[in-house]
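The next block holds one structure in the form of structure tokens; read it before the comments.
The chains referred to below are lettered A, B, ... by the order of the sequence lines, with proteins before strands, and numbering in each begins at 1. No experiment lies behind these values; they were computed from the predicted model shown.
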There are 2 protein chains.
Amino acid sequence: MKQVIAARTDIGMGQGKLAAQVAHASLKAYEHTDDRAQRQWKQQGQKKVVVKASGERELYQIAEEAKAKGLPSGLVEDAGHTQLEPGTPTAVAVGPAADADVDEITGDLPLF
Amino acid sequence: MKQVIAARTDIGMGQGKLAAQVAHASLKAYEHTDDRAQRQWKQQGQKKVVVKASGERELYQIAEEAKAKGLPSGLVEDAGHTQLEPGTPTAVAVGPAADADVDEITGDLPLF
């Protein structure tokens, strides 16, 4: 079991901003996950992997593929209080789910 | 309401590693938060702020102060699969809780 969070590299987020957006996406997808998968993932150490997405379009594609495969996902749009325009999509999380299922969607993306 | 996550600056975490550790800490503290505070925080846009901690000792101090004040917290120790020694404390989250309560503990730390 793992959760992969893809974050955009093209909008110049600072390190702290990036971390906060990744955490938003992670929690959002987690809350769309059924209890059994939540438990399994936590028992296994709640593996999280952060990868690079090239832009907005890639984030939406990931979210759509996750939905099509029935995997939990969480797409985050920034509230725009700092750094970014309101509504800017910043990150998307897929899982927790089986490694192979998540890899089908995000397996080609480079590690952040 | 906000959640503040303090992450160490002295162990050379890469950007992706930092984001994953912050997300771990965020979820851990969230799960120690009562339902009412969880709901309030989410209704207000689940504000998360990432700040810098100078080292291990500061993380433990933050976790202890949160406990003493009755605020939810989550301290993360790295599993050590990559980059760090197993058991290395990396980040601690405080809240979600009232802004003023969180600021009493983390208000002096610089933004990441």
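- Of the two parts of A:I5, neither the backbone nor the side chain holds a non-hydrogen atom closer than 4.5 Å to a non-hydrogen atom of chain B.
- Hydrophobic clustering keeps B:L109 apart from B:M13 (ILVMFWY residues linked when any side-chain heavy atoms are closer than 4.5 Å, directly or through intermediates).
- Within the structure, ring pair (Phe, Tyr, Trp, His ring centres under 6.0 Å) contacts touching residues 90-112 of chain B (residues at least two apart or in different chains) do not occur.
- Screening residues 86-96 of chain A for salt bridge (Lys or Arg N to Asp or Glu O under 4.0 Å), with sequence neighbours left out, gives no hits.
- Each of B:L111, B:V22, B:L27 has some count of heavy-atom pairs under 4.5 Å with chain A, and the biggest count is that of B:L27.
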Can you list every donor-acceptor pair under 3.5 Å that links chain B to chain A?
| from | atom 1 | to | atom 2 | distance (Å) |
| --- | --- | --- | --- | --- |
| B:H24 | ND1 | A:Q46 | OE1 | 3.3 |
| B:H24 | ND1 | A:K48 | NZ | 2.6 |
| B:Y30 | OH | A:E31 | OE2 | 2.6 |
| B:E31 | OE1 | A:K42 | NZ | 2.9 |
| B:E31 | OE2 | A:Y30 | OH | 2.6 |
| B:E31 | OE2 | A:K42 | NZ | 3.1 |
| B:K42 | NZ | A:E31 | OE1 | 2.9 |
| B:K42 | NZ | A:E31 | OE2 | 3.1 |
| B:Q46 | OE1 | A:H24 | ND1 | 3.4 |
| B:K48 | NZ | A:H24 | ND1 | 2.6 |

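- Hydrophobic clustering keeps A:V51 apart from B:L18 (ILVMFWY residues linked when any side-chain heavy atoms are closer than 4.5 Å, directly or through intermediates).
- If you chain together hydrophobic residues whose side chains sit under 4.5 Å apart, A:V49 and A:V102 fall into the same group.
- No continuous path of hydrophobic side-chain contacts links B:V4 to B:M1 [ILVMFWY only; heavy atoms under 4.5 Å].
- Between A:G16 and B:V50, the closest heavy-atom pair is O-CG2, 3.5 Å.
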